[in-house]
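See structure below.
Numbers for residues simply follow the sequence, beginning at 1.
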Amino acid sequence: MNLYAVKAIYSFEMSRAVRTLMQSIVSPVLSTSLYFIVFGAAIGTRIAEIDGIAYGAFIVPGLIMLQLLTQSISNAAFGIYFPRFTGTIYELLSAPVSPLEIVLGFVGAAATKSIVLGLIILATAALFVDLHIAHPIWMLTFLVLTAITFSLFGFIIGIWADGFEKLQIIPLLIITPLTFLGGTFYSIDMLPPFWQKVTLFNPVVYLVSGFRWSFFGVSDVNIYASLGATVGFLLLSLLIVWRIFKTGYRLKT
């Protein structure tokens with residue numbers, strides 16, 4: 001394996017995050033802080049606790065997951081699409097770099113940026129609410145697995161997209177609505193029985209629920225189901241990426 005190539009791609013993508021600090025870090029943190037202020041003030045005064053947890057603290061895992069999913073996809077998708085758009089992808093294709101090394105470089109950088117963002121949002125949340133993490137190892141496990149998984153999905157989108165509009169279709173029209181309806185701001189136990197069953201078909205429910213369990217020890221679905229779903233999404237994304245390169249797809253415009 002050409003580790004120098006992986007390091008070069010990874011370093012370039014990380015340096016791009018530093019150059020676009022306002023967009024990569026500051027903007028998501030500010031928007032999440034607004035969620036805390038708005039929902040904490042508007043809904044927190046009406047809902048004191050959910051499952052014995054203060055409402056302000058209850059929404060923290062969901063808000064982190066919301067930004068983690070959308071930013072992982074956006075970072076990876078833009079990272080691989082922009083060289084295709086500018087034509088610099090041919091420099092990469094002409095170099096002795098394998099598809100695996102390309103994936104490791106781009107996905108690794110996107111996942112790293114998302115994990116750092118998630119930790120910053122977590123630290124910011126501690127300024128608003130009294131926050132304790134019951135299972136810190138599991139919290140980091142869910143954080144890392146989710147960041148890698150959705151960075152892989154973002155990489156797939158970046159290969160598939162043939163315009164900047166398509167880069168935003170899945171994050172805006174699919175991921176964000178699923179996250180909002182996946183228990184980010186509420187427990188699905190608060191829903192009528194019929195809608196509880198319908199909500200279980202939302203895959204994001206398992207991600208949010210498992211991540212919330214790592215904070216408070218309570219979840220809407222079984223923790224093993226959440227872990228299984230997270231690992232399943234990771235394996236699915238790996239399979240799709242493998243099939244893309246196995247069928248001879250080329251990273252060209």
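Under the side chain to side chain donor-acceptor pair (under 3.5 Å) criterion, T141 pairs with no residue at all, not counting sequence neighbours. Residues passing the side-chain contact (heavy atoms from CB on, under 4.5 Å) test with T199, sequence neighbours excluded: I188, L191, V205. Considering only residues two or more places apart in sequence or on other chains, Q67 meets the side chain to side chain donor-acceptor pair (under 3.5 Å) condition with S31, T32. Not counting sequence neighbours, the partners of F82 by the ring-ring contact (aromatic ring centres under 6.0 Å, His included) test are F78. L104 pairs by the side-chain contact (heavy atoms from CB on, under 4.5 Å) definition with M1, V6, L100, not counting sequence neighbours. Every residue two or more places apart in sequence or in another chain that forms a side-chain contact (heavy atoms from CB on, under 4.5 Å) with L172 is listed here: Q168. Considering only residues two or more places apart in sequence or on other chains, F142 meets the ring-ring contact (aromatic ring centres under 6.0 Å, His included) condition with none of them. When the ring-ring contact (aromatic ring centres under 6.0 Å, His included) test is applied to F106, no partner is found at least two apart in sequence or on another chain.
Considering only heavy atoms from C-beta on, L68 stays 4.5 Å or farther from F150 through its side chain. Side chains of W242 and P99 form no contact here, defined as non-hydrogen atoms less than 4.5 Å apart. When side chains are defined from C-beta on, T146 does not count as touching F211, because their heavy atoms never get closer than 4.5 Å. Side-chain contact between V26 and L30: present, with at least one pair of heavy atoms (C-beta onward) separated by less than 4.5 Å. Annotation: side chain of L200 is in contact with side chain of Y206 (closest heavy-atom distance under 4.5 Å). L63 has its side chain out of reach of I121: every pair of non-hydrogen atoms, C-beta onward, lies at least 4.5 Å apart. Taking the side chain as every heavy atom from C-beta outward, W160 and I157 approach each other to under 4.5 Å.
In terms of heavy atoms, Q196 sits closest to D189 at NE2-O, 3.4 Å. Taking both residues in full, the closest heavy atoms of L122 and F215 are given as CD1-CE2, 3.5 Å, listed atom of the first, atom of the second, then distance. Between A110 and N75, the closest heavy-atom pair is CB-CB, 3.9 Å. Between R84 and G158, the shortest heavy-atom contact is NH1-O, 2.6 Å. Contact record, A109 with E13: CB-CB, 3.4 Å, taken as the closest heavy-atom pair. Minimum heavy-atom separation, I53 to F58: CG2-N, 3.9 Å.
Atom CG of L238 and atom OG1 of T149 lie 7.5 Å apart (nearest 0.5 Å). Once rounded to the nearest 0.5 Å, the distance linking CD1 of I148 with CD1 of I115 reads 6.0 Å. Between atom CD1 of residue I59 and atom OH of residue Y55 there is a gap of 5.0 Å, rounded to the nearest 0.5 Å. The CG atom of L145 lies 10.0 Å from the CG atom of L207; values are rounded to the nearest 0.5 Å.
Residues V208 and V231 are members of one and the same hydrophobic cluster, defined by side-chain heavy-atom contacts under 4.5 angstrom among Ile, Leu, Val, Met, Phe, Trp and Tyr. In the hydrophobic clustering of this structure, I170 does not group with L239; members are Ile, Leu, Val, Met, Phe, Trp, Tyr whose side-chain heavy atoms approach within less than 4.5 Å, directly or through other members. Y4 is not connected to V103 by any chain of hydrophobic side-chain contacts under 4.5 Å among Ile, Leu, Val, Met, Phe, Trp and Tyr, and they are in different clusters. Hydrophobic cluster membership differs between L119 and M14, with clusters built from Ile, Leu, Val, Met, Phe, Trp and Tyr side chains linked at under 4.5 angstrom.
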Distance-only donor-acceptor pairs under 3.5 Å for side chains of residues 130-140, two or more places apart:
residue: D130; atom: OD1; partner: H132; partner atom: NE2; Å: 3.3

Going by atom type alone, with no hydrogens or angles, which donor-acceptor pairs under 3.5 Å involve a side-chain atom of residues 175-185 and a protein atom two or more places apart or on another chain?
residue: T176; atom: OG1; partner: P171; partner atom: O; Å: 2.9
residue: T179; atom: OG1; partner: I175; partner atom: O; Å: 2.7
residue: T184; atom: OG1; partner: T179; partner atom: O; Å: 2.5

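The side-chain hydrogen bond (donor to acceptor under 3.5 Å, both in side chains) pairs that include a residue from residues 104-127 are Y10-T112, S72-S114, where partners are two or more places apart or lie in different chains. Annotation: side-chain hydrogen bond (donor to acceptor under 3.5 Å, both in side chains) contacts involving residues 211-226, sequence neighbours excluded, comprise S187-D220.
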Practice task
Let me see the working for L69 and I73 under side-chain contact (heavy atoms from CB on, under 4.5 Å), right down to the final yes or no.
Solution key: CA-CA 6 Å; L69 299 185; I73 291 177; 5.5 Å; no
Handout entry: Verdict with supporting geometry, L236 and L152, side-chain contact (heavy atoms from CB on, under 4.5 Å)
Key = CA-CA 10 Å; L236 175 62; L152 282 166; over 6 Å; no
